[in-house]
Peer 1: 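Below you will find the structure I want to go over with you.
Sequence lines set the chain letters: A, B, ... in the order given, protein chains first and strands last, and positions in each chain run from 1.
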Amino acid sequence: MSSVRVRFAPSPTGFFHIGSARTALFNWLYARHTGGKFILRIEDTDKERNSEAYLKVILDSLRWLGMDWDEGPDIGGNYGPYFQSQRTELYKAKLQELIQLGKAYEKDGAWWLRLEGKRSTVFDDHLKKEIEKVDAAPMVLDDLVRGRVERAEDRDFVLFRSNGEPVFHFVNVVDDIEMKITHVIRGEDHLSNTSKHLEIFKAFGVKPPEYAHIPLILKTDGPGKMSKRDRGALIEEYQNKNYLPSAVRNYLCLLGWTPADGKEILPIDEIIKQFELKAIHQSNARFDEKKMSHINAQTLRALPASEFVAIAKPILQHAQVLNDNVSDARLAEVLSIIQEKVNSLEHLPEFVGFFFNNDFKKDEAAFANLTKKGGEPTARVREILVHLQSIEWNVAAIEAAFNAAGTEHNRKPTDFFAPVRFAVSGQGGGAHLIGVLHALGRDLTLARLQSFIA
RNA sequence: GCCCCCUUCGUCUAGCCCGGUCAGGACACCUCGUUUUCACUGAGGUAACUGGGGUUCGAAUCCCCAAGGGGGCGCCA
């Protein structure tokens, strides 16, 4: 049994950012890798933006990505409450402690941490005003990812605002102490804040936890880190596009960490087994939706057929392409021939809808391709139709019909493929045509070819 | 302005700690193949050590500087 205790401490804002998801994931992976505890703590001190619906977004997203927690707002635990808004008395008591120790003082109605060092008054270019600087000793951080980092705070900072509410730095450290957090795994944007946190630990006389500052996720193009407004930045986008949560999670793992064995696509228990903080990268990574899409596609095709059906069925039902006549067996049959070709679930309804409905969409670009370079789709369909009309409806016979048509008209059998595919599906691509025709059945195939040339 | 972190193909990266590799892989892209003008698949290809100084017989690898990128500097979190 490991003594590792890590936490993810999101602020409920109504959205779940991909960067937050990755931070949560790394904490979760570390807890699961070490056999420690993963704790969820809600930083809802900002009453303006707090609501239950917002909390639900976070919990649902974490669950969707397959993460679970050992202590948290919904399940409790020995170190609760897990909402910061319910820990006000604790923060006040801890402030009193610092006041007693002479480490905090009041000024302008707020409570400040007193740094140790020589003081002088200087004009600050950034704040555009006179401030009191303190020549404090640098705080030394032995970061698990970055190594030794030294940084000195140069002025006192606020612990409690004049309105009586504690600030982030204070509650964050107090909670980490009280919840016995052993490892803080967070974004590099907090690296500069760490000296403040270490000062607070020092003021309390408490040994700080280990820190691991992980690289940030940058915009695909353009400057800066991913922000909520960037395409692909919110987890809900992937839920809406029917991405496989395991694929999203897999990709997120690759942003800032590389599996030791070099394999990029791997099951979560394998990732848990291999995950090490020392292997986390030091440099930021640019988000690449194409790569995530690729991982999603690979994962999708590798799914056991029954699982693929289970995932696809509700999506097709929701898109209303399945009517009551479609049996589970029939659905499984159709899905089995397209799974090896499928790229995403986002457009699955259009991809397989023609099997179940006669009013399928027709891809205009695909149709345009048929007549390019002197193509005569109507003639080809007319020619192949003759050979398909009276055959036994099995794969071998259908294939033989294409060969016969090719021989008769001195063409490659494949010359008939694209026109036939478009006639029966309205698409330019898809699963292997012979299999499609076989699954579609004789009646529908012939009827659609007839109507194409009519 | 001050402080901190980072720097290998277009992108994600391996290699760096313990100097000697044709600097490897993946995505994307290009070419060719496959009974589809393919949301499958196979083969091949283009493409990188930010720059400058050291140290060394030898540097992507060690040291310094510069440049570039990122982050922070609130009574936000």
Peer 1: Which whole number of Å gives the distance between the C1' atom of B/rC32 and that of B/rU46?
Peer 2: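 Comparing C1' positions in B/rC32 and B/rU46 gives a spacing of 15 Å.
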Peer 1: Could you state the NZ-P distance from A/Lys133 to B/rC73, rounded to the nearest angstrom?
Peer 2: 14 Å
Peer 1: Considering only atom C1', compute the distance from B/rG72 to B/rC29 and round it to an integer number of Å.
Peer 2: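 Taking atom C1' in both B/rG72 and B/rC29, they lie 38 Å apart.
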Peer 1: How close or far is atom C1' of B/rA77 from atom CG of A/Asp176, stated in whole angstroms?
Peer 2: 14 Å
Peer 1: Quick check: closest heavy atoms across A/Leu234 and A/Phe15, and the distance to 0.1 Å?
Peer 2: CD1-CD2, 3.6 Å
Peer 1: Without swapping roles, check the side chain of A/Gln339 against the backbone of A/Leu303 for a donor-acceptor pair under 3.5 Å.
Peer 2: yes
Peer 1: With heavy atoms under 4.0 Å as the rule, sort A/Lys412 into base, sugar-phosphate or nothing.
Peer 2: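 A/Lys412: no heavy atom of the nucleic acid under 4.0 Å.
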Peer 1: Are A/Phe360 and A/Phe355 near enough that their ring centres are under 6.0 Å apart?
Peer 2: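 No, ring centres 6.0 Å or more apart.
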Peer 1: For A/Arg22 and B/rC12, give me the distance from atom CZ to atom C1', rounded to whole Å.
Peer 2: 13 Å
Peer 1: Look only at the side chain of A/Arg151 and the backbone of A/Ser192, and say whether a donor-acceptor pair between them is shorter than 3.5 Å.
Peer 2: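 Answer holds: yes.
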Peer 1: Can you check whether any acceptor in the base of B/rC3 is under 3.5 Å from a donor in the side chain of A/Ser192, or vice versa?
Peer 2: no
Peer 1: Look at A/Arg301 and B/rU41 and indicate whether a side-chain polar atom (N or O) is within less than 4.0 Å of OP1 or OP2.
Peer 2: yes
Peer 1: Suppose we call a contact any N or O donor and acceptor under 3.5 Å apart; does that hold for the side chain of A/Lys291 and the base of B/rA26?
Peer 2: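 Yes, a donor-acceptor pair under 3.5 Å.
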Peer 1: Please check the phosphate of B/rU41 (OP1 and OP2 only) for any side-chain N or O of A/Gln298 closer than 4.0 Å.
Peer 2: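 The answer is yes; a side-chain N or O of A/Gln298 sits under 4.0 Å from OP1 or OP2.
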Peer 1: Calculate the interatomic distance between A/Leu433 atom CG and B/rU35 atom C1'; express it in whole Å.
Peer 2: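 Taking atom C1' of B/rU35 as the reference, CG of A/Leu433 is at 10 Å.
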Peer 1: With a 4.0 Å cutoff (strictly under), does any side-chain N or O of A/Gln282 reach OP1 or OP2 of B/rC6?
Peer 2: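 Yes, A/Gln282 has a side-chain N/O under 4.0 Å of OP1/OP2 on B/rC6.
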Peer 1: From the list B/rG70, B/rG25, B/rU35, which nucleotide is the closest neighbour of the side chain of A/Asn403?
Peer 2: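 Closest nucleotide to the A/Asn403 side chain: B/rU35.
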Peer 1: Go through B/rU7, B/rC40, B/rC75 for me and flag the one nearest to the A/Ser283 side chain.
Peer 2: B/rU7
Peer 1: A/Thr414 has a side chain; which of B/rU11, B/rC40, B/rU35 sits nearest to it?
Peer 2: B/rU35
Peer 1: Rounding to the closest angstrom, what is the interatomic distance between B/rC65 and B/rU7 at atom C1'?
Peer 2: 15 Å
Peer 1: Using the six-membered ring wherever Trp is involved, compare the ring planes of A/Phe8 and A/Phe16 and label them parallel, tilted or perpendicular (cut-offs 30° and 60°).
Peer 2: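 It falls in the perpendicular class, over 60°.
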Peer 1: So if I take every side-chain heavy atom of A/Pro413 and compare against B/rC40, B/rU35, B/rC4, which nucleotide ends up nearest?
Peer 2: B/rU35
Peer 1: Under 4.0 Å between any heavy atoms, over every strand shown, what does A/Asp143 touch: base, sugar-phosphate, or nothing? Just pick one.
Peer 2: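 Counting heavy atoms under 4.0 Å across all strands, no contact is made by A/Asp143.
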Peer 1: Looking at B/rC5, I'd like to know if its phosphate oxygens (OP1 or OP2) sit under 4.0 Å from a side-chain N or O belonging to A/Asn284.
Peer 2: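 No, outside the criterion.
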Peer 1: Which whole-number value in Å describes the distance from A/Phe157 CZ to B/rC73 C1'?
Peer 2: 13 Å
Peer 1: Of all the nucleotides listed (B/rG72, B/rC75, B/rA77), which has the minimum atom distance to the side chain of A/Arg151?
Peer 2: B/rG72
Peer 1: Using atom CZ of A/Arg146 as one end and atom P of B/rC16 as the other, report the distance to the nearest whole Å.
Peer 2: 19 Å
Peer 1: Could you check how far CD1 of A/Ile295 sits from C1' of B/rC12, rounded to whole Å?
Peer 2: 9 Å
Peer 1: Which of these nucleotides, B/rU13, B/rA77, B/rG70, is closest to any side-chain atom of A/His190?
Peer 2: B/rA77
Peer 1: Taking atom P of B/rG72 as reference, at what distance in whole Å does atom NE2 of A/His197 sit?
Peer 2: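 These atoms are roughly 13 Å apart.
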Peer 1: Check for a donor-acceptor pair, side chain of A/Trp69 on one end and backbone N or O of A/Arg41 on the other, with a separation under 3.5 Å.
Peer 2: no
